Number of protein chains: 2
Amino acid sequence: MNKRSGEESKRNIIAAAIQVFADYGYDNASMRMIAQAAGVSVGTLYLHFKNKDDLYLTITKEWIDDLNELTNRALDRIDDPRTAITVFITISIDYTREHREMILLQGRKFGRCLGLEQKQQFFRKRRQLLTDIVQRGVTEGVFRSDDPAETARIIFNVLRGFIFSMLIDEEALFRAEACVDLVLNGLRRRNNG
Amino acid sequence: MNKRSGEESKRNIIAAAIQVFADYGYDNASMRMIAQAAGVSVGTLYLHFKNKDDLYLTITKEWIDDLNELTNRALDRIDDPRTAITVFITISIDYTREHREMILLQGRKFGRCLGLEQKQQFFRKRRQLLTDIVQRGVTEGVFRSDDPAETARIIFNVLRGFIFSMLIDEEALFRAEACVDLVLNGLRRRNNG
DNA sequence: CGTTCACATGAACAAGCGTTCAGGTGAAGA
DNA sequence: TCTTCACCTGAACGCTTGTTCATGTGAACG
């Protein structure tokens with residue numbers, strides 16, 4: 001194989017690994033498959049990554065950081081709680097749509113799993129973000145909630161359900177607004193606007 | 001090993017398999033582990049099941065039938081759409097709580113997976129059940145919905161999110177009512193009852 | 001030119017897998 | 001008592017896996 005820069009190889013491997021991991025799941029994806037998809041030999045994988053776990057964790061860390069930064073940047077200058085909820089949900093759903101393989105890969109390894117703590121920390125941080133938004137909404141009188149933390153957890157669950165459905169059914173073309181609308185307005189008919 | 005009835009062995013194996021599958025995931029659960037947990041030898045597994053897939057599919061079919069019957073029986077004589085939604089959600093959540101390992105095991109194999117069709121059919125049937133309830137609610141004027149099928153899908157997603165959170169976090173002690181309340185009433189403050 | 005060194009290779013290895021099968025065991029019927 | 005037969009056993013087989021390592025390659029530098 002031609003000589004290449006180390007960094008380029010590493011990027012190729014990561015891209016290939018995401019694809020193969022997502023297609024076959026962590027366990028069924030073999031290092032040989034990843035190597036072939038990346039156009040390198042097995043040995044090269046171990047030149048850039050300590051082992052299979054390391055490769056997986058690198059990928060995980062990468063998208064967590066990515067989504068975190070994206071979210072923080074978007075929410076930075078938004079004051080209205082309703083807008084903030086909308087943006088939070090929209091970003092989460094868009095990100096899933098754009099990085100379906102990578103998120104799918106995560107779903108394929110939930111439970112007692114590799115990188116569990118960093119993922120839990122990630123979720124905790126995001127729930128905290130939501131709690132703050134709800135708290136602000138209650139203070140401003142636009143949301144109803146006895147317990148903002150509990151409400152945030154509920155919204156988080158709702159969002160997770162939507163994302164899950166996107167992962168299961170590739171064709172699920174629903175609008176993020178449908179999710180937002182349900183969270184904000186509920187199913188029951190309102191007698192006024 | 002002592003002589004036992006074939007049926008008893010089979011039940012033992014199924015119980016052990018659910019536990020082991022749930023603890024380790026389908027791929028990491030080996031036939032040797034299941035055999036040991038069931039207190040039989042590997043050979044015996046193949047006496048009662050064609051292979052690993054067959055064992056897994058048997059388990060899957062069992063809980064699908066179980067939950068289906070449970071749901072149908074409960075919804076049979078309920079007319080009020082609000083009560084029906086409440087019952088549907090409550091049953092789903094309770095069932096998950098009581099059969100956490102088995103449901104967890106399913107989650108561990110979603111995507112391109114074994115028994116995909118029967119699971120998809122199961123989900124379709126349940127969504128249809130919800131669609132009917134929503135439709136009735138709209139007709140009776142207690143629910144708002146432009147598209148009952150879409151609304152049912154949304155509720156389904158919400159429910160799935162809640163169930164997912166139960167699987168991830170064993171300690172997640174939330175009340176089914178919290179889920180029902182959000183679905184029915186939404187986050188936004190209502191100006192009237 | 002020769003030396004160096006980061007990058008790359010793929011055969012080889014031990015371990016674990018799903019699955020098979022020749023054989024063992026003991027209650028039940030003849 | 002002997003035969004039958006459903007039930008059970010676990011060593012063995014072929015295969016795949018993650019990982020290692022002796023070896024190769026070629027640009028860069030003196």
Side-chain angles (χ1 to χ4, degrees), chain A residues 1-61 105 108-109 111-116, chain B residues 1-61 105 108-109 111-116:
Chain A
M1 183 56 56
N2 291 333
K3 189 109 182 217
R4 305 205 222 125
S5 94
E7 270 310 311
E8 191 193 334
S9 274
K10 193 163 179 173
R11 268 198 308 278
N12 275 344
I13 291 171
I14 287 181
I18 288 173
Q19 196 59 56
V20 174
F21 274 142
D23 280 352
Y24 295 89
Y26 179 86
D27 291 313
N28 290 321
S30 75
M31 293 303 259
R32 282 161 181 76
M33 289 164 74
I34 295 171
Q36 188 174 16
V40 298
S41 70
V42 244
T44 303
L45 297 187
Y46 289 88
L47 197 69
H48 294 286
F49 303 92
K50 218 169 96 246
N51 50 34
K52 194 180 179 184
D53 284 4
D54 183 36
L55 175 52
Y56 174 80
L57 288 175
T58 302
I59 291 174
T60 302
K61 187 171 166 12
L105 159 56
R108 275 177 172 290
K109 238 185 132 23
R112 262 182 261 293
C113 80
L114 226 48
L116 183 59
Chain B
M1 183 53 59
N2 292 333
K3 188 107 182 223
R4 306 205 220 123
S5 95
E7 270 310 310
E8 191 193 332
S9 273
K10 194 163 180 175
R11 270 199 307 278
N12 275 345
I13 291 171
I14 287 181
I18 288 174
Q19 196 59 56
V20 175
F21 274 141
D23 281 351
Y24 295 89
Y26 179 85
D27 291 314
N28 290 322
S30 75
M31 293 302 260
R32 283 163 182 76
M33 289 163 76
I34 294 171
Q36 189 173 16
V40 299
S41 71
V42 244
T44 303
L45 298 188
Y46 288 88
L47 195 69
H48 294 286
F49 302 93
K50 218 171 96 246
N51 50 34
K52 194 180 179 183
D53 285 4
D54 183 36
L55 176 52
Y56 173 80
L57 288 177
T58 302
I59 291 173
T60 302
K61 186 169 165 16
L105 158 59
R108 277 179 171 288
K109 238 186 134 24
R112 263 181 262 292
C113 80
L114 227 46
L116 183 57

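All values reported here derive from a predicted model rather than from experimental measurement.
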Check: What heavy-atom pair brings A/Ala38 and A/Ile13 nearest, and what distance separates the two atoms?
Finding: CB-CA, 3.9 Å
Next item on the list: For residues B/Ala35 and B/Val42, report the shortest heavy-atom separation together with the two atoms involved.
Entry: CB-N, 3.8 Å
Item checked: Separation of C/dT9 P from A/Ile13 CD1 (nearest whole Å) -> 9 Å
Next item on the list: Considering just the side-chain nitrogens and oxygens of A/His48, establish if one lies under 4.0 Å of OP1 or OP2 belonging to C/dA8.
Entry: yes
Short heteroatom pairs, N/O only, protein and nucleotides 15-18 of chain D, under 3.5 Å:
{"from": "D/dG18", "atom 1": "OP1", "to": "A/Ala29", "atom 2": "O", "distance (Å)": "3.3"}
{"from": "D/dG18", "atom 1": "OP1", "to": "A/Lys52", "atom 2": "NZ", "distance (Å)": "2.6"}
{"from": "D/dG18", "atom 1": "OP2", "to": "A/Met31", "atom 2": "N", "distance (Å)": "2.9"}
{"from": "D/dG18", "atom 1": "N7", "to": "A/Arg32", "atom 2": "NH1", "distance (Å)": "2.9"}
{"from": "D/dG18", "atom 1": "O6", "to": "A/Arg32", "atom 2": "NH2", "distance (Å)": "2.8"}

Next item on the list: Could I get the full list of side-chain contact (heavy atoms from CB on, under 4.5 Å) partners for A/Ser30, not counting sequence neighbours?
Entry: A/Arg32, A/Met33
Notebook entry, point to check: Counting N and O atoms only, with roles assigned by atom type, does the side chain of B/Lys10 sit under 3.5 Å from a partner on the main chain of B/Phe49, one being a donor and the other an acceptor?
Noted result: no
Check: To the nearest 10 degrees, how far apart in direction are the end axes of the helix from C/dC1-D/dG30 to C/dA30-D/dT1, each fit to five base pairs?
Finding: 20°
Item checked: Residue mapping more 5' on DNA chain D - nearest nucleotide basis, B/Val42 or B/Glu7 -> B/Glu7
Next item on the list: With the side chain of B/Leu47 defined as its heavy atoms from C-beta on, choose the nearest nucleotide among C/dA11, D/dC7, C/dT9.
Entry: D/dC7
Item checked: d(CZ, B/Phe49; C1', D/dC8) in whole Å -> 15 Å
Notebook entry, point to check: Where the side chain of B/Lys52 meets the backbone of B/Ala29, is there a donor-acceptor pair that is under 3.5 Å apart?
Noted result: yes
Notebook entry, point to check: Can you tell me if A/Thr44 uses its side chain to pair, donor with acceptor, with the backbone of A/Val40 under 3.5 Å?
Noted result: no
Next item on the list: Fit a plane to each ring of B/Phe21 and B/Tyr26, take the angle between them on a 0 to 90° scale, and name the class: parallel (under 30°), tilted (30 to 60°) or perpendicular (over 60°).
Entry: parallel
Item checked: Test side-chain contact (heavy atoms from CB on, under 4.5 Å) applied to A/Ile34 and A/Leu55, step by step -> CA-CA 10 Å; A/Ile34 295 171; A/Leu55 175 52; 4.1 Å; yes
Check: Does a side-chain N or O from A/Thr44 land closer than 4.0 Å to OP1 or OP2 of C/dC7, or not?
Finding: no
